[in-house]
Amino acid sequence: MSVWVRTALVLSATWLLAGCSGRQSALDPQGLQSEQIRQTLFVFLVVATIIWIAVVFVLSMGMLRRKREAAQPLGLHEEFEERSGRVILMLGLATTVVVLGLSVVSYAGQRTVFAKSENALTLKIIGHQWWWEVHYEGDSPDKTFATANEIRIPTGQPVKVELESADVIHSFWVPSLTGKMDLITGQKNELQFTAKKAGVYRGQCAEFCGLQHAHMAFAVIALPPDEFGRWRDHENQSASSPPDQLGRQGEALFRARGCALCHNISGTPAGGQMGPDLTHIGSRTTIAAGTLPNTPATLGAWIADPQHIKPGNLMPQMPLQSGELIAILHYLEQLK
Ligand code: HEC
Ligand SMILES: [Cu+2]
């Protein structure tokens with residue numbers, strides 16, 4: 001093997017391993033459910049590896065230890081036939097036992113993964129081409145609010161997500177916390193998970209849903225319960241009214257230039273439902289479903305030309321004067 005080939009192999013191995021940790025990995029579980037999934041995977045992997053090695057071993061022995069040709073190749077060898085019959089029977093039984101055993105392991109694992117808890121925090125999530133609509137359902141209507149593309153949850157408490165779709169089939173997947181579940185129009189699917197540690201976990205649509213499927217990501221931010229409570233109380237409030245002249249101009253332009261037809265900003269007349277809720281857009285970490293970090297530069301670039309950043313997405317390029325763009329940007333920035 002040439003040095004180049006060897007180097008390439010070693011390098012590609014490090015890439016493979018580099019994919020196994022961090023904020024989006026089923027092999028680095030941070031939730032009760034993902035831990036169970038990894039454990040099940042591990043048991044299957046070990047059993048399958050042992051069987052594979054045994055099969056390859058027996059096969060190699062058969063190939064290496066050739067028997068001398070018999071005088072009567074077609075004659076019956078009763079003793080040999082009987083022995084083979086017994087071996088085949090044993091192997092058949094062993095296969096059955098292994099398959100049944102793995103079924104039990106898998107079933108037991110699913111009981112953890114799909115366990116339902118009564119005191120779960122409930123979120124309703126609706127998949128859209130190509131973003132995530134998120135509703136926090138409180139015990140009373142005044143505790144119910146909407147956001148998009150970013151889910152904050154408390155650590156240690158089960159979270160129940162009710163999944164639906166507004167258009168095609170999507171799939172909710174946060175590998176570090178739990179397995180996948182589809183979002184389907186007209187059907188409510190449910191998934192529960194519990195984050196053990198505070199952190200930011202990346203989620204991704206896992207069912208091809210059109211042009212911008214790859215840019216349909218989201219962030220799950222797990223916070224300590226008291227911090228989550230503060231965030232929730234804040235998020236539950238309507239948008240703050242702009243404190244300065246430029247902001248007020250931006251708010252008016254948000255309506256005058258058509259943004260309000262598609263976007264909701266609670267506490268203002270903007271009540272559109274076609275696009276993500278922008279009530280607290282200034283405090284979100286990413287924009288356009290995890291496509292870009294949320295900074296004044298990226299937000300401005302998005303409003304100026306969303307089709308350049310995410311070609312084919314359902315927000316049209318709106319004709320804006322540069323002064324108008326600056327005012328709208330300023331307004332959205334302060335919606336913390
Ligand atoms: C025809 C409906 C429509 C109009 C009009 C519209 N948008 Fe959007 N907007 C969308 C959709 C749909 C998305 C989600 C795109 C995606 O991520 O795939 C979006 C995304 C956004 C986002 C990113 C939100 C997030 O959570 O990532 C911002 C900010 C935004 N729009 C601002 C504006 C502003 C400002 C205007 C007016 C100049 C405007 N939009 C006009 C439909 C619209
Ligand atoms: Cu999708």
Side-chain angles (χ1 to χ4, degrees), residues 125-134 146-152 163-174 180-185 203-219 235 239 247 249-265 268 270-336:
I125 298 185
I126 302 168
H128 291 259
Q129 285 177 317
W130 290 280
W131 58 281
W132 307 84
E133 178 181 344
V134 183
T147 177
N149 299 330
E150 193 174 285
I151 303 163
R152 298 200 186 207
L163 304 167
E164 275 178 75
S165 169
D167 35 50
V168 299
I169 299 179
H170 303 275
S171 178
F172 179 93
W173 191 31
V174 195
K180 295 172 191 172
M181 181 63 79
D182 278 2
L183 298 87
I184 301 171
T185 36
Q204 170 69 43
C205 179
E207 177 79 48
F208 180 71
C209 57
L211 204 56
Q212 286 297 342
H213 160 68
H215 288 142
M216 184 170 168
F218 58 101
E235 198 77 3
Q249 199 187 332
E251 185 184 4
L253 282 165
F254 191 82
R255 270 172 280 148
R257 293 292 170 269
C259 317
L261 294 174
C262 292
H263 293 286
N264 180 64
I265 297 183
T268 76
Q273 298 296 325
M274 294 272 295
D277 187 290
L278 300 180
T279 307
H280 297 284
I281 179 71
S283 62
R284 290 218 282 269
T285 54
T286 66
I287 54 167
T291 307
L292 291 171
N294 186 5
T295 67
T298 54
L299 193 57
W302 172 264
I303 298 167
D305 189 359
Q307 293 300 321
H308 177 75
I309 290 167
K310 207 167 157 179
N313 89 82
L314 300 181
M315 171 162 159
Q317 186 185 8
M318 310 296 285
L320 294 172
Q321 310 276 317
S322 65
E324 297 175 336
L325 174 63
I326 288 170
I328 293 178
L329 178 60
H330 183 75
Y331 169 56
L332 293 182
E333 277 286 306
Q334 52 85 48
L335 291 178
K336 298 281 188 207

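Residues: numbered from 1 along the sequence shown. Any value given below was found using the heavy atoms of this structure, including those in side chains, with hydrogens, waters and symmetry copies removed. All ligand and atom numbering here is 1-based and tracks the order in the structure. All figures in this text were calculated on a predicted structure; none of them were measured in a lab.
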Residue pairs passing the ring-ring contact (aromatic ring centres under 6.0 Å, His included) test with at least one member in residues 273-301, sequence neighbours excluded, are H234-H280
Quick one: does W130's side chain have a donor or acceptor within less than 3.5 Å of a partner on A214's backbone? no
Hey, what polar pairs (N/O, under 3.5 Å) does ligand 1 make with protein?
from: ligand 1; atom 1: 7 (N); to: H263; atom 2: NE2; distance (Å): 2.8
from: ligand 1; atom 1: 9 (N); to: H263; atom 2: NE2; distance (Å): 2.8
from: ligand 1; atom 1: 17 (O); to: K310; atom 2: NZ; distance (Å): 2.8
from: ligand 1; atom 1: 18 (O); to: W130; atom 2: O; distance (Å): 3.4
from: ligand 1; atom 1: 18 (O); to: K310; atom 2: NZ; distance (Å): 2.9
from: ligand 1; atom 1: 26 (O); to: N149; atom 2: ND2; distance (Å): 3.4
from: ligand 1; atom 1: 26 (O); to: R284; atom 2: NH2; distance (Å): 2.7
from: ligand 1; atom 1: 27 (O); to: N149; atom 2: ND2; distance (Å): 3.4
from: ligand 1; atom 1: 27 (O); to: A288; atom 2: N; distance (Å): 2.5
from: ligand 1; atom 1: 31 (N); to: H263; atom 2: NE2; distance (Å): 2.8
from: ligand 1; atom 1: 31 (N); to: W302; atom 2: NE1; distance (Å): 3.4
from: ligand 1; atom 1: 40 (N); to: H263; atom 2: NE2; distance (Å): 2.8

Could you tell me how the ring of H170 sits relative to the ring of W132: parallel (under 30°), tilted (30 to 60°) or perpendicular (over 60°)? tilted
Within the side chain of N294, is there an N or O that forms a donor-acceptor pair under 3.5 Å with the backbone of I281? yes
Is a donor on one side and an acceptor on the other found under 3.5 Å between the side chain of E150 and the backbone of T285? yes
Between H263 and F254, how do the two ring planes meet: parallel, tilted or perpendicular, split at 30° and 60°? tilted
For T298 and P293, indicate whether the former's side chain and the latter's backbone hold a donor-acceptor pair under 3.5 Å. yes
Going by salt bridge (charged side-chain N to carboxylate O under 4.0 Å, His left out), name the residues that satisfy it together with R284, two or more places apart in sequence or in a different chain. none
Is a side-chain N or O of Q334 found less than 3.5 angstrom from the main chain of G282, in a donor-acceptor match? no
Under-2.8 Å protein N/O/S neighbours of the Cu ion (ligand 2), ordered by chain then residue number: H170 ND1, C205 SG, C209 SG, M216 SD
